[in-house]
Amino acid sequence: MSVSSRGAASPARDDIPLERIDVSDPRLYQDDTWQPLFARLRREDPVHFCPESPYGPYWSITRYADIMDVELNHAVFSSAQDLGGIQIAELARPGEFASFIRMDPPEHSARRRTVAPIVGPGNLAKMEATIRQRTAAVLDGLPRGETFDWVERVSIELTTMMLATLFDFPWDDRRKLTYWSDVATANVKAPDAPIRSEDERYAEFGRMAACFAELWNQRVNAAPSFDLISMLAHGEETRHMTPQEFVGTLSLLIVGGNDTTRNTMTGGLLALHENPAEWRKLRDHPALVPSLVAETIRYQTPVIHMRRTAREDAVVGGKRIRKGDKVVMWYVSGNRDDSAIENADSFIVDRARPRQHLSYGAGVHRCVGDRLADLQLRILWEEILRRGLAIEVVGPPTRIYSNFLRGFRALPVRLGN
Ligand code: HEM
């Protein structure tokens with residue numbers, strides 16, 4: 001059966017007047033039909049103003065080079081929550097969701113420094129054997145000859161295990177972490193959202209906060225250990241965090257460490273399925289795995305956008321942006337920009353410069369967990385190849401309704417013998 005998930009077949013959308021283009025509609029990402037709209041913006045109006053949207057007026061930055069300019073200019077383009085934060089959608093209760101991704105230097109820098117070592121090279125080297133052993137167990141436990149959901153059995157299982165390891169979270173309760181991650185990122189208007197209102201979301205955060213407060217109390221009174229909660233509880237810069245900031249930081253790590261990597265595990269399989277010649281290349285040359293991982297992260301682009309707010313008037317790509325304007329960097333578009341990446345719409349496992357992409361952002365907020373994500377993905381594909389697993393995608397993916405995270409609800413697969 002031939003299964004394709006591409007949006008390439010959708011209309012070119014050249015008929016829509018430029019000023020009416022609004023790329024914030026989550027359905028574009030759920031249906032995977034965003035590509036032609038962004039291709040047109042990159043071509044005709046790469047720094048584009050949308051005067052009216054469900055999120056108010058906003059600028060779209062769609063080319064690779066312009067996104068870099070905004071990323072690297074954090075003095076002008078702010079991530080601060082009091083100006084609006086990092087998503088095109090405003091938070092319902094901004095005060096209850098403080099974390100360092102929503103701060104500018106200098107507040108941002110000290111907090112980031114406390115968290116960074118846990119996902120730094122030294123600790124990752126110590127974690128590699130555990131990750132490999134858990135990945136192997138998950139793959140060896142997969143059913144043969146019957147259809148199952150790759151998202152549920154592999155992507156969610158592996159990333160949840162990783163989070164439980166990072167937090168030293170009670171093992172049998174680890175699926176709570178997945179649930180909280182889904183709650184944190186859910187669009188309450190999506191038909192299959194796990195929560196239906198902001199009240200439900202914050203009630204669930206209350207339960208998460210209580211659970212983490214208990215772990216914090218245990219760890220703050222014990223000798224420092226190398227898990228994230230202990231590091232936050234003992235860290236010079238973080239031990240006096242407010243409860244809101246503590247919960248905000250944990251949910252940042254839960255979402256950062258979970259959904260993104262999870263969706264890349266699924267996106268990689270789908271991309272290989274849709275590009276069988278690339279899969280053959282990989283099987284013939286397993287040394288290409290690190291390159292496959294980078295290419296998958298680019299091609300999937302798990303974080304669709306990041307938003308900034310202009311602290312002062314500025315010019316980007318020749319357009320004048322005013323103080324207070326909302327500026328959205330569409331990574332999905334920058335990663336498909338042919339003027340920066342050759343054949344950007346193609347999935348190619350042996351690219352010359354596979355790490356040249358925007359999926360991890362850039363500048364002071366560049367993803368702090370990038371090496372951990374790379375490691376988990378590398379091990380997954382090494383273990384799949386080592387076992388010679390013939391994984392067949394047997395139905396179309398179900399994608400999530402979101403303009404922030406590009407992800408999957410389900411992907412039916414079957415293992416050959
Ligand atoms: C493929 C997987 C991942 C992708 C695509 C991804 C993507 C991103 C992006 C786009 C940003 C914002 C960058 C910017 O604003 O310039 C970010 C920040 C962040 N990510 Fe990731 N991420 C991934 C995995 C992880 C993992 C595994 C963790 C942690 C365990 C993590 C933790 C964070 C944190 C804490 C930040 C905030 C950094 C800061 O504000 O200084 N991420 N990530």
Side-chain angles (χ1 to χ4, degrees), residues 4-70 77 84 86-90 187 189-191 267 274 298-310 314-322 324-341 343-347 358-359 396-408:
S4 175
S5 72
R6 289 206 185 116
S10 59
R13 313 238 180 171
D14 283 343
D15 48 328
I16 308 174
L18 266 180
E19 64 279 8
R20 284 199 34 229
I21 292 184
D22 174 10
V23 284
S24 71
D25 183 352
R27 261 173 314 179
L28 288 171
Y29 308 96
Q30 186 174 40
D31 301 344
D32 205 32
T33 51
W34 48 274
Q35 293 89 334
L37 273 181
F38 280 110
R40 183 158 169 226
L41 287 183
R42 284 194 303 273
R43 208 170 47 236
E44 295 177 24
D45 195 21
V47 176
H48 172 260
F49 187 65
C50 175
E52 223 180 286
S53 86
Y55 312 94
Y58 67 92
W59 289 96
S60 283
I61 315 293
T62 63
R63 280 194 185 157
Y64 189 101
D66 293 332
I67 291 175
M68 271 297 187
D69 283 351
V70 173
F77 296 106
I86 52 145
Q87 279 175 262
I88 190 168
E90 313 293 331
N187 182 323
K189 295 197 188 98
E274 288 173 342
R298 178 190 74 87
Y299 196 71
Q300 174 61 24
T301 315
V303 178
I304 294 172
H305 78 262
M306 281 280 162
R307 170 257 177 104
R308 301 291 188 255
T309 309
V315 174
V316 179
K319 294 278 180 81
R320 176 158 294 278
I321 288 173
R322 303 276 170 203
D325 283 356
K326 193 187 271 201
V327 177
V328 183
M329 302 177 286
W330 295 100
Y331 297 139
V332 273
S333 177
N335 275 344
R336 300 295 177 100
D337 181 352
D338 277 324
S339 67
I341 298 164
N343 284 326
D345 265 328
S346 304
F347 179 77
L358 293 164
S359 295
T398 311
R399 293 174 185 271
I400 61 172
Y401 179 83
S402 169
N403 60 22
F404 186 61
L405 294 178
R406 185 160 180 250
F408 302 92

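Computed over heavy atoms, backbone and side chain alike; hydrogens, waters and symmetry mates excluded.
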Student check: side-chain heavy atoms of [X] and [Y] closer than 4.5 Å:
{"X": "Leu37", "Y": "Ile21", "answer": "yes"}
{"X": "Phe408", "Y": "Thr398", "answer": "no"}
{"X": "Arg307", "Y": "Met329", "answer": "no"}
{"X": "Ile304", "Y": "Leu405", "answer": "no"}
{"X": "Pro26", "Y": "Asn187", "answer": "yes"}
{"X": "Asp338", "Y": "Tyr64", "answer": "no"}
{"X": "Ile61", "Y": "Val316", "answer": "yes"}
{"X": "Asp25", "Y": "Ser53", "answer": "no"}

Look up atom [atom1] in [X] and atom [atom2] in [Y], then write down how far apart they are to the nearest 0.5 Å.
{"X": "Phe347", "Y": "Tyr299", "atom1": "CZ", "atom2": "OH", "value": "7.5 Å"}
{"X": "Ile400", "Y": "Gln30", "atom1": "CD1", "atom2": "CD", "value": "9.0 Å"}
{"X": "Leu358", "Y": "Met68", "atom1": "CG", "atom2": "CE", "value": "5.5 Å"}

Inset, instruction - Taking atom CZ of Arg320 as the centre, report whether more than 12 heavy atoms of other residues, nucleotides or ligands fall under 6.0 Å from it. - result: yes
Say whether [X] and [Y], considering side chains only, have a donor N or O and an acceptor N or O under 3.5 Å apart.
{"X": "Tyr55", "Y": "Asn403", "answer": "yes"}
{"X": "Asn335", "Y": "Thr301", "answer": "yes"}
{"X": "Ser333", "Y": "Arg63", "answer": "no"}
{"X": "Asp325", "Y": "Tyr58", "answer": "no"}
{"X": "Asp31", "Y": "Thr33", "answer": "no"}

Legend entry - His305: partners by ring-ring contact (aromatic ring centres under 6.0 Å, His included), with sequence neighbours left out: Trp330, Phe404
Inset, instruction - Write down the atom of Pro54, the atom of Asp22, and the distance for their closest heavy-atom approach. - result: CD-OD2, 3.6 Å
Inset, instruction - Show your working on salt bridge (Lys or Arg N to Asp or Glu O under 4.0 Å) between Lys319 and Asp45 and close with a plain yes or no. - result: CA-CA 10 Å; Lys319 294 278 180 81; Asp45 195 21; 2.6 Å; yes
Legend entry - side-chain contact (heavy atoms from CB on, under 4.5 Å) evaluation trace for Tyr401 with Arg27: CA-CA 6 Å; Tyr401 179 83; Arg27 261 173 314 179; 3.8 Å; yes
Legend entry - Name of the residue among Arg298, Met306, Arg336, Arg406 meeting side chain to side chain contact (heavy atoms under 4.5 Å, CB included) with Tyr331: Met306
Legend entry - From CA spacing to verdict: side-chain contact (heavy atoms from CB on, under 4.5 Å), Asp337, Phe38: CA-CA 9 Å; Asp337 181 352; Phe38 280 110; over 6 Å; no
Legend entry - Side-chain (Lys326) to main-chain (Pro57) donor-acceptor, under 3.5 angstrom: no
Legend entry - Flag, side chain of His48 to backbone of Leu18, donor-acceptor distance under 3.5 Å: yes
Inset, instruction - Under the side-chain contact (heavy atoms from CB on, under 4.5 Å) rule, what do Cys50 and Glu52 come out as? Steps first, then yes or no, please. - result: CA-CA 6 Å; Cys50 175; Glu52 223 180 286; 5.6 Å; no
